[in-house]
2 protein chains.
Amino acid sequence: MDTNKLMPLLADMAILVTVVEQGNFSKAARKLGITPSAVSRQISRLEDALGIKLLQRTTRQLALTESGKITFDYCKQMVESAEQAVNASRSATSTVSGLLRVAAPKSLANQVLRPLFVEFLKCYPDIQLHLKVTDRILDPIHDGVDFLIHINDYPIEALVNVKIGRVEQVLCASPDFLANHTLPTHPDDLKYLPCICLGENMTDNRWRFSNKNQKTTVEVTGSYLLNHSEMRRDAIEQGFGVGSLPDYTAQKGIEAGKLIPLLKDWHLQCSYHGDICLQYVQSKYMPNKNRVFIDFIKQKSLEIQQDS
Amino acid sequence: MDTNKLMPLLADMAILVTVVEQGNFSKAARKLGITPSAVSRQISRLEDALGIKLLQRTTRQLALTESGKITFDYCKQMVESAEQAVNASRSATSTVSGLLRVAAPKSLANQVLRPLFVEFLKCYPDIQLHLKVTDRILDPIHDGVDFLIHINDYPIEALVNVKIGRVEQVLCASPDFLANHTLPTHPDDLKYLPCICLGENMTDNRWRFSNKNQKTTVEVTGSYLLNHSEMRRDAIEQGFGVGSLPDYTAQKGIEAGKLIPLLKDWHLQCSYHGDICLQYVQSKYMPNKNRVFIDFIKQKSLEIQQDS
DNA sequence: GTTTATTTGTGTCCATGAGGCACAAGTCCT
DNA sequence: AGGACTTGTGCCTCATGGACACAAATAAAC
């Protein structure tokens with residue numbers, strides 16, 4: 001059965017259900033807000049389309065035929081499903097309130113997510129957003145968070161993952177700095193330049209690079225180590241050395257000419273490099289507050305993609 | 001949710017299902033035989049009606065929103081039910097063949113049901129009708145019959161019962177007979193008249209009468225006993241005495257003036273007096289041959305009611 | 001018996017709205 | 001940069017669903 005053949009019959013089936021439940025055409029017509037003659041025609045049309053007589057009817061009594069009973073049962077199911085579809089939609093908009101716990105990394109939260117969360121809360125004033133800013137990757141089940149946002153090319157497989165964006169690390173220096181130093185054309189050149197590292201782990205001074213063909217690792221040195229991207233941007237702009245920045249942190253500085261991107265052909269592998277992942281525990285029927293949050297973030301990530 | 005609000009949305013829901021299953025508007029439009037713009041508009045209309053965004057869509061990709069997923073599930077159910085309704089109707093007309101076993105009492109079968117069965121077999125040439133004519137009331141389960149037709153005001157409660165008509169017993173005599181005897185005005189008068197009994201049971205000569213207010217029993221006598229209604233009609237017409245006939249047996253004779261109905265104010269209780277019952281075993285999904293038989297008999301009984 | 005009210009069904013007419021068409025805007029691929 | 005394909009919108013046309021009037025049938029009322 002093709003859907004295009006089916007569609008005009010759907011309304012007729014709904015009318016059939018009303019007729020059977022009301023007991024006659026006239027009552028059904030009143031309930032449907034149309035005239036009895038319209039009801040009569042629709043039922044006839046349905047009978048013609050299905051090829052069977054559904055109702056045994058005289059002017060004074062109405063009854064389903066035996067063949068019609070089965071058809072009616074399915075029609076009733078059909079209407080009930082449709083009603084449930086509508087009810088599901090209504091309840092999806094009605095109660096969007098409660099607590100929503102979200103974990104996100106510091107830098108991303110401050111520079112990218114902040115305006116999103118503000119707008120979200122304005123859209124849904126009855127939702128209370130509890131934002132846990134941390135660079136640790138929390139466990140949604142044990143750490144009591146509903147959503148986990150993190151930057152990673154390998155999202156947690158046990159959780160649903162929605163890619164809502166991507167962060168690239170850009171290696172930068174200030175124009176002043178470059179005027180006084182040799183412009184690096186290969187990762188190895190960085191050995192001889194002061195570099196600004198994160199300094200969170202012991203290996204943070206081992207920068208791993210890759211391009212289409214090769215991989216290489218460079219051990220860099222520098223006098224300023226800090227794990228705050230905006231402060232690092234400031235340090236780079238001040239000419240303290242070469243440093244890596246998330247693209248969203250670097251973008252304005254590059255546009256303003258305060259930062260010069262380096263080694264564009266190479267990718268810098270580090271913890272702040274990869275897809276922005278929105279992850280949460282799988283469940284068929286989640287609360288509305290969760291659903292609207294996912295939809296909102298997805299929507300915004302699409303809009304951001306369009307803008308860029 | 002009123003049905004009249006729901007109806008215009010049903011087709012839109014079907015379109016939504018097609019869109020999601022096809023993956024984009026254009027493919028869905030091709031499948032539905034309409035233009036993509038029409039699809040776009042219907043989806044928008046559905047979203048407006050439901051008050052939620054169902055699909056997150058750009059020009060290159062399409063995805064259900066979280067809120068939309070639940071709505072979609074119900075819409076899919078809705079379409080599936082509708083398809084089942086259509087399929088049920090198709091199969092109801094496709095295979096109407098096989099053996100149908102019907103038990104009916106002699107007199108009714110010969111004088112009333114015979115033309116119905118003939119017409120039924122002409123309508124459904126692939127059905128084989130096995131008619132068991134007997135005045136015993138058979139057990140549909142143990143005696144291997146699908147339908148049981150009998151005359152009784154108290155149908156078997158374990159079976160589904162469809163009243164397809166009514167038989168009244170009429171007490172008659174011939175004009176010749178009445179010319180030579182006193183016209184009875186009360187059941188008691190029958191004691192002094194020759195009466196024609198069925199003679200099947202020992203108590204068949206005890207005729208029980210009732211009217212609005214009273215009941216009475218008369219023990220009658222006569223020289224001719226026979227349990228075949230048409231032969232009994234003949235005996236009455238020949239002036240052998242007063243006898244009871246089913247109304248359908250007496251009708252022609254009364255109209256032709258060969259029979260005179262007696263004691264019209266009284267009802268004669270006997271085995272051939274009551275509703276004509278079509279009974280069969282309850283089952284939700286019976287074979288098509290059974291369904292069309294029920295529908296046919298119901299339909300004919302309605303037409304007979306209209307004629308009379 | 002007659003009337004009255006209510007039922008289903010069938011014409012005819014008309015307004016609503018669904019869909020086609022053309023086009024715009026956006027996106028991916030080459 | 002250009003081509004192919006996407007979704008979305010304005011405009012117009014025509015099919016269709018429904019109102020209306022009426023007929024036929026039936027059950028109840030009187």
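Just so it is clear, the structure is predicted and the values come from calculations on it, not from any experiment. Letters go in sequence order (proteins before strands), and every chain restarts at 1.
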Separation of C:dA18 atom P from B:Leu46 atom CG, nearest Å, is 12 Å

Heavy atoms within less than 4.0 Å of DNA chain D: which residues of residues 18-30 of chain A have one? Give them sorted by number. none

Side-chain polar contacts of residues 36-44 of chain B - donor-acceptor pairs under 3.5 angstrom, sequence neighbours left out - could you list them?
residue : atom : partner : partner atom : Å
B:Ser37 : OG   : B:Thr35 : OG1          : 3.2
B:Ser44 : OG   : B:Ser40 : O            : 3.0

Rounded to the nearest angstrom, tell me the gap between atom CG in B:Leu55 and atom P in D:dT7. 10 Å

For the NZ atom on B:Lys27, are there more than 12 heavy atoms of other groups (residues, nucleotides or ligands in this structure) within a distance under 6.0 Å? no

With sugar-phosphate taken as primed atoms, P, OP1 and OP2 and all else as base, the protein-contact string of nucleotides 14-20 of chain D at under 4.0 Å (heavy atoms; B, S, -) is ---SSBB

Whole-Å gap separating P (C:dG20) and CG (B:Leu32): 10 Å

Range-with-range stems for DNA chain C, at least three Watson-Crick or G-U pairs under 3.5 Å: C:1-30 with D:1-30

Qualifying residues under side chain to side chain donor-acceptor pair (under 3.5 Å), relative to B:Thr71, sequence neighbours excluded: A:Ser89

Partners passing ring pair (Phe, Tyr, Trp, His ring centres under 6.0 Å) against B:Phe25 (at least two apart in sequence or in another chain): none

The ring pair (Phe, Tyr, Trp, His ring centres under 6.0 Å) partners of A:Phe120 (sequence neighbours excluded) come to A:Tyr124, A:Phe293, A:Phe296

Which residues pass the side chain to side chain contact (heavy atoms under 4.5 Å, CB included) test with B:Glu255, not counting sequence neighbours? B:Gln251

Would you list the atom pairs, donor with acceptor, under 3.5 Å between side chains in residues 6-22 of chain B and any protein atom, with sequence neighbours excluded?
residue : atom : partner : partner atom : Å
B:Asp12 : OD1  : B:Arg45 : NH2          : 3.3
B:Asp12 : OD2  : B:Arg45 : NE           : 3.3
B:Asp12 : OD2  : B:Arg45 : NH2          : 3.0
B:Thr18 : OG1  : B:Ala14 : O            : 3.0
B:Glu21 : OE2  : B:Lys76 : NZ           : 2.7

A:Tyr280 meets the ring pair (Phe, Tyr, Trp, His ring centres under 6.0 Å) criterion, sequence neighbours left out, with A:Phe147

How long is the line joining CD of B:Glu47 and C1' of D:dT7, in whole Å? 12 Å

Residues at least two apart in sequence or cross-chain that pass ring pair (Phe, Tyr, Trp, His ring centres under 6.0 Å) with B:His150, listed by chain then number, are none

Only counting residues at least two apart or in another chain, list the ones meeting side chain to side chain donor-acceptor pair (under 3.5 Å) with A:Thr249. A:Gln111

